[in-house]
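These figures come from a predicted structure and were not determined experimentally. Below, chains carry the letters A, B, ... as their sequence lines are ordered, and counting in each starts from 1. Atoms considered below: every heavy atom in the structure, side chains included; atoms not considered: hydrogens, waters and symmetry mates.
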Number of protein chains: 4
Amino acid sequence: MGEMKRIGILTSGGDCAGLNAIIRAVVCRAAGGYGWKVMGIRQATQGLMSDPPQIMALEPDKVDHLLTMGGTILGTTNKGDPFAFPMPDGTVRDRSEDIIAGYRQLGLDAIIGIGGDGSLAILRRIAQQGDLNLVAIPKTIDNDIGITENSIGFDTAVNIATEALDRLHFTAASHSRVMILEVMGRDAGHIAISAGIAGGADVVLIPEIAYTLENVCQQIQERQSQGKNYCLIVVSEAVCTPDGETVTNTNALGQCRLGGIGQHLADQISACIGAETRVTVLGHTQRGGIPSPLDRLTASAFGVAAVELIAEGLYDRMVTWQNRQVVSVPIAEAISYYRAVDPNGTLVKTARGLGICLGD
Amino acid sequence: MGEMKRIGILTSGGDCAGLNAIIRAVVCRAAGGYGWKVMGIRQATQGLMSDPPQIMALEPDKVDHLLTMGGTILGTTNKGDPFAFPMPDGTVRDRSEDIIAGYRQLGLDAIIGIGGDGSLAILRRIAQQGDLNLVAIPKTIDNDIGITENSIGFDTAVNIATEALDRLHFTAASHSRVMILEVMGRDAGHIAISAGIAGGADVVLIPEIAYTLENVCQQIQERQSQGKNYCLIVVSEAVCTPDGETVTNTNALGQCRLGGIGQHLADQISACIGAETRVTVLGHTQRGGIPSPLDRLTASAFGVAAVELIAEGLYDRMVTWQNRQVVSVPIAEAISYYRAVDPNGTLVKTARGLGICLGD
Amino acid sequence: MGEMKRIGILTSGGDCAGLNAIIRAVVCRAAGGYGWKVMGIRQATQGLMSDPPQIMALEPDKVDHLLTMGGTILGTTNKGDPFAFPMPDGTVRDRSEDIIAGYRQLGLDAIIGIGGDGSLAILRRIAQQGDLNLVAIPKTIDNDIGITENSIGFDTAVNIATEALDRLHFTAASHSRVMILEVMGRDAGHIAISAGIAGGADVVLIPEIAYTLENVCQQIQERQSQGKNYCLIVVSEAVCTPDGETVTNTNALGQCRLGGIGQHLADQISACIGAETRVTVLGHTQRGGIPSPLDRLTASAFGVAAVELIAEGLYDRMVTWQNRQVVSVPIAEAISYYRAVDPNGTLVKTARGLGICLGD
Amino acid sequence: MGEMKRIGILTSGGDCAGLNAIIRAVVCRAAGGYGWKVMGIRQATQGLMSDPPQIMALEPDKVDHLLTMGGTILGTTNKGDPFAFPMPDGTVRDRSEDIIAGYRQLGLDAIIGIGGDGSLAILRRIAQQGDLNLVAIPKTIDNDIGITENSIGFDTAVNIATEALDRLHFTAASHSRVMILEVMGRDAGHIAISAGIAGGADVVLIPEIAYTLENVCQQIQERQSQGKNYCLIVVSEAVCTPDGETVTNTNALGQCRLGGIGQHLADQISACIGAETRVTVLGHTQRGGIPSPLDRLTASAFGVAAVELIAEGLYDRMVTWQNRQVVSVPIAEAISYYRAVDPNGTLVKTARGLGICLGD
């Protein structure tokens, strides 16, 4: 089984369904298979900054339940660039050396970092700086890491948004209403357009395509003229207004409040054509819950494959999903390819082909 | 099979899952069994006000798919008391005689009205005035019609709210957040407390029990002191602030906007103890979707039983669910018993017994 | 909080969804609320027979996850009447005194027994014999304990069977097939008739009503004559053939094999009218999985209420669900009322009203 | 919008979830977008054999509900090679010219054939013979069409099998049982291994890897020695016994009966090590029900893309899913690449890495 190793694993950035399934697979293969020691690092890189590092022992006979559990037992954080980390006294500090020190203190041979492109870029910079052995696994409900067909969490998020549309469909029809569903996805419209197609939406607004209020209202009215007195609209959280403004709403502490683009759009439509509108904000339900079988399968494949890379001494690489196989690529290459929704791609063509208004 | 009859059926008030299952059962029994003619009346009493009445023929071989379909194919409305109906010219008018005229024009022998206590009280008043033969079926996600253990739509709504809590649980834990779920239920906290118990909430705020911000924040902090860095809060839409104020948010047309008690509470908690909070508003997803098996079963039983009442010539009665049987009672009696959450009842005792903070 | 107590809890008979939710509620209230010590007894009464007794410590901060977990962490068994317990040497022995001794050895003040009517009758006999303080909680997917409207596990089992029918519906129609779903329920047809109504079955065969093959085939052919070339049949596992014979199939060790009444019926129908038939046997999926919100709610209410009975010193009682409240009754009374499906009750009337063939 | 066309669409072979979603997308794009006439052909090629052809008009305003409906409203059949079609008189006949005649009689410009590799090979042969304009869409829950990453119906089937494992997990643990789940998939083990990984199975037996009873029993016993007294086994329907025999069970009419490899394996295990085993046969529930969002998305993309191929006059091609895009390839090439589970591929490596016994 080769030499004994000590490896760390951490989850970084926004949580999503399937993170725990990755952790389970890593532990099964590394500890159960190779007999290595696996240390779970708490709260992403913050667990390595601490002295002593904040860790959680991960034993193969105690991870079975993680396959179906949402979130991450390691905790995560999307606060704080380690190179400019906000300190309690209000200053910011470069904590990268503290993280490297934590890695050394734990005596790690390698570390598996699970994150989105932002988190992974930071992890790689630290790994380069400290000569750490890093293997990366892509997760993000936004599915914007272009090198991999699926990132962990995306399929589950689309399922949840689609299910909400399924539910809104008949209540919208019963009351002749315009129903707006605001979904996550940050700068990419993948959740919105995927769920919009799968859930039978009439309008899908994504950050990649600018909308006008006239086009949206025209779609509502055209449907009415065909005897369809209701309309389902999906809008991605980062969609800007036709004036190019971002609609955000945060409190004094910088925390997100309700009342973003979804409600803004409802107000616009209501004022413009008087249609009765209602807004649903799925919020963090999209990140939560039992991972879909596809997310569990991909998470398991990624976890096992990441351990194999370490066993082969192949570092600075990310596992990806391509043509139903796991393929590893250099991290630098992996995170250089951002995937927005392609305005000429299959999803947009499909949406237009189905008569869905994309706002343009 | 007795004499041939013509019966009407209408759905009134807010829609919910299971309405179509009732319609199917009525058609199966009345048209398929007795050979009667069943006319579906559109948009609640508005379909009877119109001249000619707006109806939809309902044939037994075309209703199979209604068993699992959300909403109501008849449409509904919760706008407009027929005794003070808002006319296009801005005036209000008593349209009750128009409704009675519609009933006569259709040559109806009886009408099945499906609604909540408000709608049914109005329907009964019209029926009394016009000597119409009315049989009532209770539906409401609020489950506030006290005479029946279950109203159609309630079980499905609780399932959807519980599922949202299941999803929020692990994302809350992963990010050490306070997650607030705002649910429907109008003046009764049944959805909130049922889903709160079933979904493992830490705090449940219902209209029947006044809360203080201190109590809520104390629960959050007590959990933190036990090493549980997150908190799930369910709040019912009609909960008032500790000052006794209703937090509502409507636009110029009187339509509900986001930003009610859920966001208000989040702002309070965030300002008071700095906890990171996020809000999810399920909105109309709670009314929508495939009815639960229990709602389908009860809907089917109510539909069949309502037809049997007509066959026996028993009017002015409502079917109810008691001890796993359908029992019919006079409508007047049925709607006189409003059921709020009993502060000394099983649900509250259970919540307290589980350590759930009810805000008091 | 009164005196410190030591209480035991055990799960007996076939497992079902919601058992763990009961355990959680008991621990939350007894240990978390009253500060008592709660000991989980393994494998039903077998855990008490062992010397030392086989137990599991149950702490309030480690039971949160039990709310949604299927099965029972305590394990269960439906093998072996303790009064005639099969010993490894092939003999049978009365082990009741060993169970009483186990109770004494643990220093228990009371024990909460979760089971169906059979298990609870045995537990009560032991409790009477040894003067043990017993409180009972009803669970059974069969829902045949007549004193309580709901037993834990029933709602979930009906949901699973209904979902299977939802899935079979369209594949049956696509291929013009007769689809037979064999469900559990032992001597009572509650799962079959509830799921059959909720899932839109065309034929429902239950142990309470004898069927003839002619009636079943006639229903299939009548549907065909109406242009409906498929048929959904639900059959309860304990249905006898028209000759009054039980169709069972066990191996040399007495374990259930496939090929019971479902396949028997398929063979009969196929031979009689040549219809293409397929059989699905849900088996133990009906016992498993995440409990429904209703099962979780009732389980939580039962668990808390059982602890309150102990706090009040009220023993030899069972908690029941009546009119949305928990009511306690003497165990002897509770288990004396077996509930079969009432041939004149609401469920049967509803099924007949919808045109479902019950085989008679 | 180009010239007016008349196109046909048919579904062939075993049904699955997502067929209706394809039909909807084709109608939306062809009729709703291009204004073409779309004729649905009933019962696969049998609808074309009939004189007159058996068709169903498909209008864009009547297909909305097909997005989430399982099965196929056109009906299908997997009986009868048209080149050797079983006639009522017991003879077989080449009906290919009748099918071509039907196409001509309907005045079709093109036909969209939805099927698996077998059905599509036959359709292509007929199209070649009659110079028909054929576009193909791949569907099969077996996912054995190697040119496309996803065939319609596969994701939904995996979801259903995984969900069954989720349910069996805790009931198996509660009773210390071996639970066997028999799944579909014909000669390919994709459903079994995908669901096995996603559902946390301990043993997965697929047709591509021969098993020995000893290996299976050893896995069960190794788990027992680790204190895990239960075992989940997934077995694909076409797995042969270690002696290389197929375990099938058909009645006098050639219809499948229960009692295939699942029960055979249970009997073997039970006899060999005395373990208590139970079998669940999901049967046609795997084909049924609401398609998953991924199947709906892919189905929609395939349907739109197939219409675009016709608009461009590109025939004899199949749409496929590759790297999140639809790509069209010649049918001959598409069906020449059969995809079994690769014994050296990601799925098998993942299963082994997780400690799943594959029987070898």
Side-chain angles (χ1 to χ4, degrees), chain B residues 21 24-25 28-29 32-33 60-61 64-65 67-68 143 149-150 155 158-159 161-163 166 169 193-195 197-200 226-228 290-297 299-305 307-308 321-327 339 342 345-347 349-355, chain C residues 21 24-25 28-29 32-33 60-61 64-65 67-68 143 149-150 155 158-159 161-163 166 169 193-195 197-200 226-228 290-297 299-305 307-308 321-327 339 342 345-347 349-355:
Chain B
R24 169 183 177 266
C28 284
R29 185 67 191 125
D61 60 348
D64 272 359
H65 64 294
L67 179 60
T68 57
N143 215 31
E149 293 182 35
N150 291 302
D155 189 59
V158 171
N159 287 355
T162 303
E163 185 182 66
D166 286 352
H169 189 80
I193 197 164
S194 299
I197 292 171
Q226 296 161 4
K228 296 178 180 170
I290 298 176
S292 74
L294 180 57
D295 271 331
R296 294 189 221 168
L297 177 68
S300 299
F302 281 173
V304 168
V307 173
E308 303 302 3
W321 190 252
Q322 299 182 16
N323 193 17
R324 301 189 65 78
Q325 300 293 322
V326 174
V327 175
R339 178 172 52 215
D342 178 359
T346 287
L347 294 179
K349 280 185 195 163
T350 300
R352 295 198 198 280
L354 295 168
Chain C
R24 170 183 177 268
C28 283
R29 185 66 191 127
D61 60 347
D64 272 0
H65 64 293
L67 178 59
T68 58
N143 214 31
E149 293 182 34
N150 290 303
D155 189 59
V158 170
N159 287 355
T162 302
E163 186 182 65
D166 286 351
H169 189 80
I193 197 165
S194 300
I197 293 171
Q226 296 161 4
K228 295 177 181 171
I290 298 177
S292 74
L294 180 58
D295 271 331
R296 293 190 222 167
L297 176 68
S300 300
F302 281 173
V304 168
V307 173
E308 303 300 2
W321 189 253
Q322 299 182 18
N323 194 17
R324 303 189 65 77
Q325 300 292 323
V326 175
V327 175
R339 178 172 52 215
D342 178 1
T346 286
L347 294 179
K349 280 183 195 164
T350 300
R352 294 198 199 281
L354 294 168

S.K.: Tell me, side chain or backbone of B:Gln325 under 4.5 Å from chain C's heavy atoms, or both, or neither?
M.R.: both
S.K.: Under 4.5 Å from any heavy atom of chain B, what part of C:Leu67 do you find: side chain, backbone, both or neither?
M.R.: side chain
S.K.: Does a side-chain heavy-atom distance below 4.5 Å link C:Ile197 with B:Arg296?
M.R.: no
S.K.: Between chain B and each of C:Asp64, C:Asp166, C:Asp61, count heavy-atom pairs under 4.5 Å; write down the option with the most.
M.R.: C:Asp166
S.K.: Pick whichever of C:Gly199, C:Gly355, C:Pro60 has the most heavy-atom pairs under 4.5 Å with chain B.
M.R.: C:Gly199
S.K.: Nearest 0.5 Å, please: how far is OG1 in B:Thr68 from CD in C:Glu163?
M.R.: 12.5 Å
S.K.: Determine the option with the most heavy-atom pairs under 4.5 angstrom with chain B, choosing from C:Glu308, C:Arg352, C:Lys228, C:Arg324.
M.R.: C:Arg324
S.K.: Under a 4.5 Å heavy-atom cutoff, which of B:Asn323, B:Val158, B:Thr162 has the most pairs with chain C?
M.R.: B:Asn323
S.K.: Below 4.5 Å from any heavy atom of chain B, which atoms of C:Ser194 appear? Answer side chain, backbone, both or neither.
M.R.: both
S.K.: Roughly how far, to the nearest 0.5 Å, is CG of B:Leu294 from CG of C:Asn150?
M.R.: 8.0 Å
S.K.: Less than 4.5 Å apart, any side-chain heavy atom of B:Phe302 and any of C:Thr350?
M.R.: no
S.K.: Can you list the steps and then say if C:Val327 with C:Trp321 is a side chain to side chain contact (heavy atoms under 4.5 Å, CB included)?
M.R.: CA-CA 6 Å; C:Val327 175; C:Trp321 189 253; over 6 Å; no
S.K.: Using side chain to side chain contact (heavy atoms under 4.5 Å, CB included), reason through C:Arg339 and C:Asn143 one step at a time and then give a plain yes or no.
M.R.: CA-CA 8 Å; C:Arg339 178 172 52 215; C:Asn143 214 31; 3.5 Å; yes
S.K.: Taking every non-hydrogen pair under 4.5 Å, which of C:Gly227, C:Ala161, C:Pro291, C:Ser300 racks up the most with chain B?
M.R.: C:Ser300
S.K.: Got C:Leu347 and C:Asp342 here, is their nearest side-chain heavy-atom distance under 4.5 Å?
M.R.: no
S.K.: With a 4.5 angstrom heavy-atom cut-off, could you sort out which part of C:Glu149 is near chain B: side chain, backbone, both or neither?
M.R.: both
S.K.: Determine the option with the most heavy-atom pairs under 4.5 angstrom with chain C, choosing from B:Ala195, B:Gly345, B:Ala299, B:Pro293.
M.R.: B:Pro293
